Amino acid sequence: MKNMKLLSCCVWILFTMATCSFEQDPIVIHNNISFESYGLTYLNTISIYPNDHQVINLVRTQGLSKDVVVDILIDKAIIDEYNELNSASLVELPAKYYELPATATFNKETKVMEIPIDIKSSLLYSEVGANLKNMVIPIRIAPNVDLAIEDYKLQALVRIDVYQPTLDVQIPAYDQSYLFIGGVQVTRHFEFTALSNFTTLETGKVRITASQQDVDAYNQENGTDYVLLPSSVYSLSIKSFDVENLTLPFDVSLACSDLDFTKTYLLPLRIESEDYTVSQYKPVYVVISIQSIIITLQESVDRLEYSNKTSHLIPFTFKMNAVINDPEPLKLTYRPELVTSYNAENGTAYTAISAGLLTIPEISLDGGEMSAVVNVAANLSDVAFETEFLLPFQIDKSILVEGTQLPDEIFYVRLKKTMYGLYSPSAPPGYSNYSTNYMNSAGAGNLVNDYILTDEYPYMFKYWTWGHGFFWKILWDQNYNNDPTKKKISCFSTVTSGLSTQEQIDFVYDNNSYFDMTTGEIILIFKYYYSQSDKDSSKPQNIWVKWTDLKAP
């Protein structure tokens with residue numbers, strides 16, 4: 001038991017000694033202090049600065065565990081050594097042009113220390129000027145601890161370059177072009193910038209100018225005939241200087257809607273200053289042109305419309321050449337009196353539809369929009385089939401914005417109510433549709449004999465599936481499902497089996513086909529036998545076809 005207590009006591013003593021030894025280790029100072037840039041170091045300043053605060057840095061790769069104080073010395077011997085080694089002729093910059101602290105502290109746990117140099121830039125520029133290129137400040141650092149480091153890493157020659165305050169105008173890659181619409185009052189803004197190399201810029205010492213001389217030079221170089229933009233239609237302003245980004249913005253405000261649209265205007269902008277140097281290799285050019293509002297019709301001004309419906313919409317899509325602020329009213333006027341002159345000029349015999357059958361809405365090209373659609377509705381309920389009309393329309397110029405141009409004022413629509421023409425076929429999923437994309441029409445007696453076609457039913461249409469022929473006609477005196485807007489369709493076939501016409505008709509049965517006079521849709525739904533053997537064995541074929549969107553052939 002006594003031996004165990006003695007062993008424990010020895011362990012505790014050894015642990016205590018080890019702990020005391022660790023806490024009493026000496027503080028380590030890393031001897032890697034040096035100038036960030038030893039040798040010849042350059043500092044830049046601006047000639048108008050009365051006092052410019054600059055710094056040079058001492059660095060090390062690790063932080064110290066305590067502060068280190070360094071003496072900052074001026075040592076002319078550094079200049080002599082540099083001149084001898086480099087065959088140079090540097091001289092010392094007089095102390096009245098700068099201020100240096102005598103000492104500085106390199107704080108512990110830091111890797112960089114700044115040594116401030118306050119440069120009396122304006123005095124230096126006015127008294128020394130061009131001779132500055134051979135003048136330097138020879139600085140030596142003397143730490144208050146012994147460091148195992150080369151002397152040259154603790155010395156620096158600081159040369160000061162003094163520059164003029166300069167504005168570098170940023171020229172856009174392309175000339176700025178703006179189109180104004182005559183009579184439409186809008187204001188456009190354009191901004192360009194200049195970069196500064198100094199922070200004390202005063203905007204009152206900068207101005208923007210535009211001259212006829214620059215316009216003449218531009219015209220001669222580019223073969224143009226531009227006119228100097230009148231000062232009454234633009235304003236120039238200088239915005240606040242952005243000290244952080246050293247940027248000076250210029251704003252150009254343009255309100256040119258009332259200028260002569262036969263001319264093109266040029267605004268050549270230059271930046272000028274008596275106090276600062278301006279770098280601008282050419283003017284900032286702004287090209288201004290004026291144009292009237294131009295309204296054009298997207299569709300043909302003389303087009304043919306087919307319709308098999310009781311009401312037909314005639315769309316007119318109008319486009320404008322530019323965006324305006326306020327709505328541009330649009331009103332179409334029906335001009336039936338022009339039908340006579342049209343027929344005389346074109347050798348036609350169209351008739352004019354009654355104005356009471358047309359509904360023409362008044363619309364406008366809304367602000368911010370460049371197109372609008374006018375849908376003219378024609379009521380064809382009581383109009384006989386195969387009637388051909390000519391509808392002349394004219395835009396009412398009296399309500400348009402003054403100066404609006406209309407390349408075409410009169411628009412002609414040839415409207416025919418008919419069952420003949422081109423249709424778009426379709427069939428629902430699960431049904432066969434072998435129709436072509438058009439529907440042929442037949443005159444009296446062309447396709448079948450008079451037993452089938454009579455004057456009471458003037459239309460006879462042929463429909464093909466796999467070369468097998470069907471004919472159908474609209475029963476105008478019979479409604480479909482007691483709906484007066486839908487008319488029954490009679491479908492029958494002509495096969496090549498040598499059967500008589502009457503026998504062929506029997507091959508079609510279960511007929512639910514109809515014509516919708518409101519929508520203009522033709523729906524063929526029926527069953528038929530492809531051959532006598534199919535009929536005998538009750539193997540029918542199903543047909544479901546919908547024709548829509550009647551168009552002129």
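We count residues from 1, following the sequence as given. Here the structure is a predicted model, which is why all the values come from computation and not from measurement.
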What I'd like to find out is whether the side chain of [X] reaches to under 4.5 Å of the side chain of [Y], using heavy atoms alone.
X	Y	value
Leu550	Met419	no
Ile489	Tyr480	no
Thr203	Leu201	yes
Ile288	Leu267	no
Val373	Thr317	yes
Thr224	Val287	no
Ile171	Val284	yes
Thr193	Asp242	no

Between [X] and [Y], do the side chains contain an N or O donor and an N or O acceptor separated by less than 3.5 Å?
X	Y	answer
Gln164	Asn197	no
Asn343	Thr348	yes
Asp396	Ser398	yes
Tyr423	Asn308	yes
Gln220	Asp216	no

What's the separation between atom [atom1] in [X] and atom [atom2] in [Y], rounded to the nearest 0.5 Å?
X	Y	atom1	atom2	answer
Tyr420	Phe385	OH	CZ	11.0 Å
Leu195	Leu246	CG	CG	8.0 Å
Leu400	Leu330	CG	CG	6.5 Å
Ser273	Ile208	OG	CD1	12.5 Å
Gln280	Thr277	CD	OG1	13.5 Å
Phe318	Glu299	CZ	CD	8.0 Å

Which residue pairs pass the ring pair (Phe, Tyr, Trp, His ring centres under 6.0 Å) test when at least one of the two sits in residues 252-281, sequence neighbours left out?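 Found Phe198-Tyr276.
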Is a side-chain N or O of [X] found less than 3.5 angstrom from the main chain of [Y], in a donor-acceptor match?
X	Y	value
Glu409	Lys397	no
Tyr334	Ile353	yes
Arg303	Phe411	no
Ser292	Thr404	no
Asp251	His189	no
Thr351	Glu388	yes
Lys417	Leu380	yes

Residue pair [X] / [Y]: nearest heavy atoms and the distance that separates them:
X	Y	result
Phe192	Gln170	CB-O, 4.4 Å
Thr187	Ser253	CG2-OG, 3.4 Å
Val339	Leu390	CG2-O, 3.5 Å
Ile290	Cys256	CD1-O, 3.1 Å
Asn511	Ser490	ND2-CA, 3.8 Å
Ser47	Pro165	OG-CD, 3.4 Å

How about [atom1] on [X], more than 12 heavy atoms from neighbouring residues, nucleotides or ligands closer than 6.0 Å, or not?
X	atom1	result
Asp260	CG	yes
Lys487	NZ	yes
Asn245	CG	yes
Glu337	CD	yes

Would Ile410 and Leu338 count as a side-chain contact (heavy atoms from CB on, under 4.5 Å) here? Give the steps. CA-CA 10 Å; Ile410 307 296; Leu338 297 179; 4.0 Å; yes
Could I get the full list of salt bridge (Lys or Arg N to Asp or Glu O under 4.0 Å) partners for Lys416, not counting sequence neighbours?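 In terms of salt bridge (Lys or Arg N to Asp or Glu O under 4.0 Å), with neighbours along the sequence ignored, Lys416 is linked to Glu386.
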Could you go through Val186 and Tyr178, starting from their C-alpha distance and side-chain angles, then the distance that decides it, and tell me whether this counts as side-chain contact (heavy atoms from CB on, under 4.5 Å)? CA-CA 11 Å; Val186 295; Tyr178 293 94; over 6 Å; no
In terms of ring plane angle, is the pair Phe316 and Phe393 parallel, tilted or perpendicular, where the classes change at 30° and 60°? perpendicular
salt_bridge(Asp302, Arg414) N-O dist < 4.0 Å: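 So Asp302 pairs with Arg414 through a salt bridge.
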Taking NZ, NE, NH1 and NH2 as the nitrogens, is one of them in Arg207 or Glu274 under 4.0 Å from a carboxylate oxygen of the other?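 Yes, Arg207 and Glu274 are salt-bridged.
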Please lay out, stage by stage, how Leu167 and Ser196 fare under the test side-chain contact (heavy atoms from CB on, under 4.5 Å). CA-CA 5 Å; Leu167 283 175; Ser196 169; 3.9 Å; yes
side-chain contact (heavy atoms from CB on, under 4.5 Å) between Tyr234 and Val286: does it pass, once the steps are laid out? CA-CA 11 Å; Tyr234 70 87; Val286 184; over 6 Å; no
